[in-house]
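Have a look at the structure below, then the notes.
Keep in mind that what you see is a predicted model, and the values were worked out from it rather than measured.
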Amino acid sequence: LTVTKIWDDFDDANGIRPDSVSVTLTGKDGNDTVYEETKPISKPEGNATNTWTYTFLNVPTYANGGHTISYSVTETQVKGYEAPEVEGLRVTNTLESINIPVTKKWVDDDNRDGIRPTMVKLTLQRKLDSDTDFTNVKTVEVNASNSTASKDANNDTLWAYTFENLNKYDANGNEYEYRVVELDANVPDDYDMTQSGSVITNTHDIATSNLTVTKIWDDFDDANGIRP
């Protein structure tokens, strides 16, 4: 019986794929385990393929009594990968990834002054425990079309955006810490920026002015004495 190992990890994008993994072939007669063997599946020599195979030799077809043995395969989860997905004798390992959500909040009285930009630039950053500072990964333009737009209880506009399918680990298996920021250079003109967790708020002070109202009394200097 041949077991097939599939690596769904963008050609080992993180550099964490092991040189071999152990798989266990288990044969059952009803609920009874009648066969079990564990073998390593190794990377093919000189071949960077994403598909590895191993053939278990001389595997019995029948149990005592003549019943056909039903076979299945299992594998211990590989660090940096999702739990293995098993379909028959095929095992697929998918690179473990995470999504990082961020919300852009506009506090500008529903764009009363008409100066809200149509997009903002938000920057994804990451670091390891051993790093002192975060480093920039990428900057994206977020707008009402590529985000989920809504209103909060105060009628402020919200743009919800998610950075998807991010590497959870580096090439040595160390876990990344991510955050999203709006760099000072990208804060829209005439807005102030504050951040609380994953919510980045841009606040604009609504333009105001002073108006003087003049009241004229045309009553012969309150001749009747009834002016309030």
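- One distance of note links OG1 of Thr4 with OH of Tyr54; it measures 13.5 Å at 0.5 Å rounding.
- Taking a 6.0 Å sphere around CD of Glu85, one finds it holds 12 or fewer heavy atoms contributed by other residues, nucleotides or ligands.
- Contact check for Arg90 versus Ile6: side-chain heavy atoms found under the 4.5 Å cut-off.
- Linking Ile, Leu, Val, Met, Phe, Trp and Tyr residues whenever their side-chain heavy atoms come within less than 4.5 Å places Leu89 and Val21 in a single cluster.
- Here Thr201 pairs with nothing under the side chain to side chain donor-acceptor pair (under 3.5 Å) rule; sequence neighbours left out.
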Stepwise side-chain contact (heavy atoms from CB on, under 4.5 Å) test for Leu183 and Gln125:
CA-CA 11 Å; Leu183 300 176; Gln125 300 179 328; 4.1 Å; yes

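- Residues Leu124 and Leu166 meet the side-chain proximity criterion, which asks for heavy atoms closer than 4.5 Å.
- Asn167 and Tyr176 share no side-chain donor-acceptor pair at under 3.5 Å.
- Aromatic ring orientation, His204 versus Tyr191: tilted (interplanar angle from 30° to 60°).
- Between Tyr161 and Val140 the shortest heavy-atom distance is CE2-CG2, 3.8 Å.
- Under the side-chain hydrogen bond (donor to acceptor under 3.5 Å, both in side chains) criterion, the residue pairs touching residues 138-150 are Thr123-Thr139, with sequence neighbours excluded.
- The number of heavy-atom neighbours closer than 6.0 Å to CD of Glu164, taken from other residues, nucleotides and ligands shown, is above 12.
- Clustering ILVMFWY residues whenever any of their side-chain heavy atoms sit less than 4.5 angstrom apart, transitively, puts Leu25 in the very cluster that holds Ile41.
- Residues Trp52 and Pro44 meet the side-chain proximity criterion, which asks for heavy atoms closer than 4.5 Å.
- Considering every non-hydrogen atom in both Ser42 and Ser20, the closest pair reads OG-CB, 3.5 Å.
- Sequence neighbours left out, the pairs with a member in residues 102-115 that pass salt bridge (charged side-chain N to carboxylate O under 4.0 Å, His left out) are Lys104-Glu182, Lys105-Asp152, Asp108-Arg116, Asp109-Arg112, Asp110-Lys151.
- Side-chain contact between Asp219 and Asn224 is absent, with no heavy-atom pair separated by less than 4.5 Å.
- With hydrogens and angles left out, the side-chain atoms of Asp11 and Asn50 include a donor and acceptor closer than 3.5 Å.
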Evaluation steps, side-chain contact (heavy atoms from CB on, under 4.5 Å), between Val180 and Ile100
CA-CA 8 Å; Val180 181; Ile100 301 296; 3.8 Å; yes

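- Placement of Ile200 and Met119 in two distinct hydrophobic clusters is found when ILVMFWY residues are connected by side-chain heavy-atom separations under 4.5 Å, directly or transitively.
- In this structure the side chain of Pro188 reaches within 4.5 angstrom of the side chain of Asn202, judged on heavy atoms.
- Remark: side-chain polar atoms of Glu175 are not paired, donor with acceptor, to backbone N or O of Asp129 under 3.5 angstrom.
- For Asp190, the side chain to side chain donor-acceptor pair (under 3.5 Å) test picks out no residue, with sequence neighbours left out.
- Remark: the backbone N or O of Thr51 is paired with a side-chain donor or acceptor of Thr49 at under 3.5 angstrom.
- In this structure, Val78 and Ile16 have side chains that are not in contact, with every pair of non-hydrogen atoms separated by 4.5 Å or more.
- Annotation for Asn99: atom CG counts as buried by contact number, over 12 foreign heavy atoms lying within 6.0 Å.
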May I have the step-by-step check of side-chain contact (heavy atoms from CB on, under 4.5 Å) for Val181 and Gln195, ending in yes or no?
CA-CA 8 Å; Val181 298; Gln195 182 165 356; 4.1 Å; yes

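- The closest side-chain heavy-atom distance from Phe10 to Leu95 is below 4.5 Å.
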Show your reasoning for whether side-chain contact (heavy atoms from CB on, under 4.5 Å) applies to Asn111 and Trp106.
CA-CA 8 Å; Asn111 196 24; Trp106 296 100; over 6 Å; no

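- Linking Ile, Leu, Val, Met, Phe, Trp and Tyr residues whenever their side-chain heavy atoms come within less than 4.5 Å places Val102 and Val137 in a single cluster.
- Counting all heavy atoms, side chain and backbone alike, Tyr169 lies closest to Glu96 at CE1-OE1, 3.5 Å.
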Please list every donor-acceptor pair under 3.5 Å in which a side-chain atom of residues 66-75 meets a protein atom from a residue at least two apart or in another chain.
unit_1	atom_1	unit_2	atom_2	d
His67	ND1	Asp29	OD1	3.4
His67	ND1	Asp29	OD2	3.4
Tyr71	OH	Pro60	O	2.4
Glu75	OE1	Lys5	NZ	2.3
Glu75	OE2	Lys5	NZ	3.0
Glu75	OE2	Asn93	ND2	3.0

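- Sequence neighbours left out, not one pair with a member in residues 199-209 passes salt bridge (charged side-chain N to carboxylate O under 4.0 Å, His left out).
- Side-chain heavy atoms closer than 4.5 Å link hydrophobic residues (I, L, V, M, F, W, Y) into clusters, and following such links, even through other members, never connects Val120 to Leu158.
- More than 12 heavy-atom neighbours from other residues, nucleotides or ligands sit within 6.0 angstrom of CG on Asn155.
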